Amino acid sequence: MENVYPFVTNDGSVGLYNTEYDDIYHSVKGAYSEAWDKFISSAELDYYLSTCNCVRVLDLCYGIGYNSKSLLQKYFDSQKKILKNKKNFFKKNKNQNNSIDTIHSDNILNKNFSKLSVEAVENDKNLVIYSPIFKNFKNYNIASQELSNKEIKKYLAKKIKNNYKFENFINLFILLKIINSDEFKDEFKNLKNNFQDKDFTGYFDTNLCRYMRFLLADRYAPASVGPLAAFVHNIYYHYISTCYKKGLKAFNDADVDIKFNICDAREFVKNANRTYNLIFLDAFTTNKCPCLWTYDFFKELFRLLDDNGRLITYSNAAHVRNAMMMAGFYVGKIYNKNENKFTGTIAVKNKSFIKYPLSEADLSLVRSKAGIVYRDENLDAENDAILLERENNVKNSSLLTSSQALKHGTEVTADV
Ligand SMILES: C[S@@+](CC[C@H](N)C(=O)[O-])C[C@H]1O[C@@H](n2cnc3c(N)ncnc32)[C@H](O)[C@@H]1O
């Protein structure tokens with residue numbers, strides 16, 4: 001993981017910083033909270049679970065997987081809810097000795113689990129390999145604060161926990177998927193006993209690391225398992241227990257799958273020929289990684305999105321919104337209720353899915369120089385070349401600048 005450095009974000013989940021891109025992978029406010037607030041809260045997974053036999057999801061720029069993991073968490077929670085409803089239904093009817101009301105019972109009893117199939121795309125193989133072993137620092141900022149009042153601590157703890165939910169069995173599920181995938185065979189064969197990078201010491205979950213070593217030793221014999229007694233103790237008591245059982249069950253469950261594609265996201269979308277209900281786009285910021293924000297890239301995503309699908313991203317940039325609109329999408333904003341502000345963009349083919357349309361000011365920006373899109377006709381240009389071409393287009397354009405456009409936009413709105 002060259003050029004990549006970890007830090008603890010404000011909700012206790014680990015975030016990363018890349019010196020080459022000079023960009024962070026995750027919001028300092030919280031890597032998990034960001035995944036929930038920006039991607040999962042607007043994904044409407046329950047809608048897809050009630051309308052599709054298999055919900056297909058494309059996670060572009062998987063990184064260390066917070067978006068996919070949060071979606072899996074939401075999926076398993078929905079499964080649990082359906083099971084609970086079924087159980088309650090049987091209990092109620094048994095107690096009341098009722099003849100079952102058929103329409104209601106059909107709804108509850110015939111509600112099967114929809115499948116969930118996630119395609120994760122990422123060009124840094126090491127991030128994917130290590131993605132299941134990053135730990136969560138529970139109540140990190142609370143422990144590090146000198147708060148004398150217990151009530152405040154309790155209040156803060158509750159508030160942070162409410163921002164996201166994550167159960168460790170999902171890491172185990174992903175770990176098993178990765179270790180059993182042919183994609184990573186060569187890397188695992190070469191992994192030495194001490195596979196922990198020194199920069200990451202302390203950011204990995206010790207038990208999951210041990211378990212990874214154990215699985216690797218079992219399969220490729222490159223790693224020693226460490227003192228057996230400690231291993232058995234930790235694995236058994238922490239993971240063979242509920243978490244391990246849940247992870248193994250999820251792994252063996254035919255209803256849920258995650259597949260990893262280690263490649264340039266442009267290559268993946270060019271060759272993909274199925275449609276997706278949900279597409280998450282979580283690339284680095286637009287001026288650091290312009291190749292994943294071009295009109296040409298969005299045209300491919302338009303082809304890949306189901307008619308009732310949702311493309312979700314954190315970017316609010318006018319040129320991104322313009323590229324989406326030029327590609328054929330209806331475009332709206334994502335409202336983050338925890339922060340009480342708009343923190344992203346949603347692109348759809350079904351206009352009725354837009355809850356928060358772009359405002360007149362947003363549209364003014366889209367029509368200004370700020371809305372001039374990045375181009376990458378063959379989906380193979382270098383980032384620098386894409387930036388330079390746009391810079392020239394902006395220079396030579398007679399459109400209003402963003403500040404002129406905003407001023408003009410407010411005058412127009414005031415006139416109406
Ligand atoms: C903002 S981070 C994504 C964070 C991620 N969603 C997570 O939950 O950890 C952007 C990611 O895009 C990856 N990336 C950069 N350029 C890419 C490309 N052309 N194709 C695929 N992945 C790329 C980086 O390695 C990085 O992991």
Side-chain angles (χ1 to χ4, degrees), residues 1-9 11 13-40 43 57-73 118-136 164 166 170-171 174 178 183 200 203 258 260-272 278-294 296-298 300-301 312-315 317 320 343-344 374 376 378-387:
M1 285 190 277
E2 253 174 79
N3 311 315
V4 182
Y5 297 91
F7 61 96
V8 183
T9 69
D11 66 10
S13 49
V14 176
L16 302 176
Y17 166 69
N18 190 309
T19 48
E20 191 192 330
Y21 282 92
D22 184 25
D23 204 358
I24 46 174
Y25 293 64
H26 310 100
S27 160
V28 177
K29 285 182 187 157
Y32 261 120
S33 308
E34 185 183 26
W36 278 96
D37 288 344
K38 294 183 182 163
F39 291 89
I40 310 306
V57 182
L58 179 58
D59 182 4
L60 293 172
C61 301
Y62 169 88
I64 51 175
Y66 288 115
N67 299 335
S68 284
K69 288 179 195 174
S70 305
L71 188 81
L72 287 166
Q73 177 76 56
V118 180
E119 292 264 9
V121 183
E122 167 59 51
N123 67 357
D124 185 339
K125 210 170 203 172
N126 285 327
L127 284 183
V128 177
I129 288 178
Y130 292 122
S131 68
I133 56 176
F134 280 97
K135 77 176 178 196
N136 286 326
Y164 74 84
F166 179 72
I170 291 167
N171 271 334
I174 290 178
I178 288 171
E183 183 79 58
F200 285 82
Y203 292 90
I258 180 162
F260 297 96
N261 303 276
I262 308 300
C263 60
D264 186 323
R266 291 178 292 178
E267 272 311 302
F268 181 88
V269 302
K270 254 199 274 188
N271 298 320
L278 289 169
I279 300 180
F280 297 155
L281 176 57
D282 197 8
F284 285 130
T285 40
T286 61
N287 58 345
K288 303 282 164 69
C289 189
C291 69
L292 300 186
W293 302 100
T294 63
D296 311 84
F297 188 65
F298 283 115
E300 290 296 328
L301 297 188
I312 297 166
T313 183
Y314 68 87
S315 176
V320 167
T343 51
Y374 288 127
D376 176 15
N378 300 319
L379 294 180
D380 60 1
E382 296 290 331
N383 280 330
D384 285 347
I386 298 173
L387 287 175

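Start at 1 with the first residue, then count along the sequence. Note that this is a predicted model, so its numbers are computed, not measured. First listed ligand is number 1; within each ligand, the first listed atom is number 1.
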Practice task
Select one of side chain, backbone, both or neither to describe which atoms of L16 lie under 4.0 Å from any atom of ligand 1, heavy atoms only.
Solution key: neither
Handout entry: Proximal atoms of ligand 1 relative to D282 (non-hydrogen, under 4.0 Å)
Key = 1 (C), 2 (S), 3 (C), 4 (C), 5 (C), 6 (N), 10 (C)
Problem - Y5 side chain to N18 side chain, donor-acceptor N/O pair below 3.5 angstrom - result: no
Exercise for the section: Using distance alone, determine whether D264 and ligand 1 share an N or O pair under 3.5 Å. Expected result: yes
Exercise for the section: Would you mind telling me if ligand 1 is within reach of the side chain of L127, the backbone, both or neither, using heavy atoms under 4.0 Å? Expected result: side chain
Handout entry: Of the listed options F39, Y25, F134, F268, closest to atom 2 (S) of ligand 1 (non-hydrogen atoms)
Key = Y25
Handout entry: E122, any N or O under 3.5 Å of ligand 1 N or O
Key = yes
Handout entry: For A265, the ligand 1 atoms whose distance to one of its heavy atoms is below 4.0 Å
Key = 18 (C), 20 (N), 21 (C)
Fill in the blank from the handout: Within 4.0 Å of some non-hydrogen atom of G65, the atoms of ligand 1 are 7 (C), 8 (O), 9 (O)
Exercise for the section: Go through ligand 1 atom by atom and flag the ones less than 4.0 Å from a non-hydrogen atom of Y62. Expected result: 5 (C), 6 (N), 7 (C), 8 (O), 9 (O)
Handout entry: Main-chain N/O of D282 paired with K38 side-chain donor or acceptor, under 3.5 Å
Key = no
Practice task
Give a yes/no on ligand 1: does R266 have at least one heavy atom closer than 4.0 angstrom to it?
Solution key: no
Handout entry: Atoms in ligand 1 flagged as close to I64, the criterion being non-hydrogen separation under 4.0 Å
Key = 7 (C), 9 (O)
Practice task
Check whether any N or O atom of H26, backbone or side chain, sits under 3.5 Å from an N or O atom of ligand 1, and answer yes or no.
Solution key: yes
Handout entry: ligand 1 atoms in contact with C289 (distance to a heavy atom under 4.0 Å)
Key = 16 (N)
Handout entry: Heavy-atom closest pair, residues A43 and I312
Key = CA-CD1, 3.7 Å
Completion exercise
Taken to the nearest 0.5 Å, the spacing of N383 CG from T286 OG1 works out to 11.0 Å
Problem - L292 CG to F298 CZ distance, which is reported to the nearest 0.5 Å - result: 9.0 Å
Problem - Residue-ligand contact S68/ligand 1, heavy atom below 4.0 Å - result: no
Handout entry: Ring centres under 6.0 angstrom apart (F260, Y62)
Key = yes
Practice task
Please answer whether the main-chain N or O of V14 pairs with a side-chain N or O of K135 as donor and acceptor at a distance below 3.5 Å.
Solution key: no
Completion exercise
ligand 1 to Y21, heavy atom cutoff 4.0 Å, flagged ligand atoms 15 (C), 16 (N)
Problem - Heavy-atom closest contact (W293 atom, V320 atom, distance) - result: CE3-CG2, 3.7 Å
Problem - Numbered atoms and elements of ligand 1 in range of N67, under 4.0 angstrom, heavy atoms - result: 6 (N), 8 (O)
Handout entry: Salt-bridge contact R266-D376 (side-chain N to carboxylate O under 4.0 Å)
Key = yes
Practice task
Could you tell me the residue and atom name of the protein heavy atom closest to atom 17 (C) of ligand 1, and the distance to it rounded to 0.1 Å?
Solution key: N123 ND2, 3.2 Å
Practice task
Decide if atom CD of E382 counts as having more than 12 heavy atoms of other residues, nucleotides or ligands within a radius under 6.0 Å.
Solution key: no
Exercise for the section: Classify the angle between the aromatic ring planes of H26 and Y66 as parallel (below 30°), tilted (30 to 60°) or perpendicular (above 60°). Expected result: perpendicular
Problem - Backbone or side-chain N or O of L292 under 3.5 Å from ligand 1 N or O - result: no
Handout entry: Donor-acceptor under 3.5 Å (E34 side chain, S27 main chain)
Key = yes
Problem - Shortest protein contact, atom 8 (O) of ligand 1 (heavy atom only) - result: Y66 N, 2.9 Å
